[in-house]
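This report refers to the structure that appears directly beneath it.
First listed ligand is number 1; within each ligand, the first listed atom is number 1.
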Amino acid sequence: MSTGSAPGGRATSAPLMGRDPEPTLFELSSPGRTAANFRATGVPEWSAEELVPAGALRDEPTPVAEVSERDLVAHMTRLSHRQFSVDLGAYPLGSCTMKYNPKLCDDAVARAGLADVHPASPPALTQGWMALLADLEDALCRITGMAAATLQPPAGAAGELTGLLLMRAFHGAGGQGGRRRRVLIPDSAHGTNPASVTLGGYEVTQVPSDARGCVDLDALAARLDDDVAGIMLTNPNTLGLFEEDIVAIAGAVHEVGGLLYYDGANLNAILGVTRPGDMGFDIVHMNLHKTFAVPHGGGGPGAGPVAVTDRLAPYLPGPRPVRTAEGPSGGGDAYEWAYPEHSIGRAHSWHGNALALARAWSYILANGGDGLARVSQAAVLNANWLRHRLRGTYDIPYDRPCMHELVASATNLKRARGLRALDVAKRMLEEGFHAPTTYFPLVVEEALMIEPTETESPQTLAAMADALIRIAAGTGDDAHAAPRTSPVGRVDEARAARQLIPTWDARPT
Ligand SMILES: Cc1ncc(COP(=O)(O)O)c(C=O)c1O
């Protein structure tokens, strides 16, 4: 039984949410303690010397922390309490949304039949997995109005690059690879869009937004020519507004031979209501880790499948799970791995982040088509409810019905009382909410991008609005020191990003 205290008299019962640095597991270590508890199996024990060639053996044992199960669990639990998480409270981070993820999806992917399968297992042993992936491809195509998909890309940005390489392959096959060198992007676009265009070997041409916060059609027309490979758009755009002229935009881009790329990071606003394919898009990536229950960002591996229309399907990455006529015993479908005819190759090792894909599939099945439509409807309703509550307190630069997120501005507060978007965000942590996205999109000064998501109750939404209104009534002087109640106070963000020290030196000083 552990005594609950580490060598050197260090207590392991540090107060939750304290500001002292948490001891590392190595500092809690004590020789001989162990968190493992194996029963004797009767299998003879082999020594390291009998199993490993002498030349490959270490001189010293690997230094591992030796702690009891009790101390290990307490340590991990304390760490988990030192940060805000979707399981703790509302997380209105716009655009890069962290949605509450149903526990059902955790449960589904923890099953041994999914979790314990090696990706190199032969197709004869993985028909169930392949059926799941093929069914997911079909569902994503139905949801987006596309013909075929790849599940390989591991994130939205990876999906973007894959989509641009598909664009390049398509134009190259049409003998226009050299001529088509520009990709158009609106000025409200997410930063990954221009980065992906550059990585994909194209030049970025920016298109300004108009007074409604949408693509300026005249400016678009002035930039369209036969050297345009395509346009990248997200709809709703990053101002949370629906591009109402999307059909005209699609017509104009197709007219000059360009393709339309849909950044699907905002797909959670339109599920079951409209589809990128119906709007005229040719290539779509989806952030499954936003729309379909996979944790986003630091929360876990993502998935950014790409779906395309018929004419781009031959270029998709491979291998893909393909249905053959009949199962081996003559009944049902059977599957094999195959590369599309003119495939651009792999976008990721094996079959992508397979468990993230299975998780998304469980979310889609659990909701069904009508449930997915309700997800989007509730997300849009919640964002508009919040927009109404904040109106008059915060500037709302484009104050018309929004989709799943709203973009407010702290410009009025900065002018009146020195309160900036950053101060509002840090004060939200003190109020028990995660901060909204700040300073994005770049076209809005002192931007606060708030995505309440579909899962928050009216009570939570009201509490969030009350907190934002309470914060706005304060001054910058009050708020500059925020957050004062979290384990880490306000950090110098540039220094924290540039001089991050993610290692710990185990040698005694
Ligand atoms: C509009 C938009 N596009 C692209 C991305 C990139 O996605 P990822 O972070 O998965 O690379 C994001 C991030 O959430 C986004 O909000």
Return the option from H289, K290, M232 holding the heavy atom at the smallest distance from atom 10 (O) of ligand 1. H289

Which residue supplies the protein heavy atom nearest to [atom], what is that atom called, and how far is it?
{"atom": "atom 8 (P) of ligand 1", "answer": "G156 N, 3.5 Å"}
{"atom": "atom 9 (O) of ligand 1", "answer": "H296 NE2, 3.6 Å"}
{"atom": "atom 11 (O) of ligand 1", "answer": "A157 N, 2.8 Å"}
{"atom": "atom 3 (N) of ligand 1", "answer": "D263 OD2, 2.5 Å"}

Side-chain ion pair, [X] and [Y], N-O less than 4.0 Å:
{"X": "D227", "Y": "R180", "value": "no"}
{"X": "R359", "Y": "D106", "value": "yes"}
{"X": "D423", "Y": "K426", "value": "no"}
{"X": "E454", "Y": "K99", "value": "yes"}

Using the test ring pair (Phe, Tyr, Trp, His ring centres under 6.0 Å), find all partners of H351 that sit at least two apart in sequence or belong to another chain.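 Once residues adjacent in sequence are excluded, the partners of H351 under the ring pair (Phe, Tyr, Trp, His ring centres under 6.0 Å) criterion are W337.
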
Could you go step by step and tell me if Q176 and D226 meet the side chain to side chain donor-acceptor pair (under 3.5 Å) rule? CA-CA 10 Å; Q176 304 206 338; D226 63 5; over 6 Å; no

Relative to ligand 1, is T192 under 4.0 angstrom through side chain, backbone, both or neither, heavy atoms considered?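 For T192, the contact with ligand 1 is made by the side chain alone.
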
For ligand 1, does N287 get within less than 4.0 Å through its side chain, its backbone, both, or neither, judged by non-hydrogen atoms?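 Side chain only; the backbone of N287 stays clear of ligand 1.
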
Counting from 1, what ligand 1 atoms have a heavy atom of E160 closer than 4.0 Å?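 Answer for ligand 1: 3 (N), 4 (C).
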
Numbering the atoms of ligand 1 from 1, which are under 4.0 Å from a heavy atom of S95? 1 (C), 14 (O), 15 (C), 16 (O)

If the plane angle is over 60° it's perpendicular, under 30° parallel, otherwise tilted; pick one for Y262 and F281. perpendicular

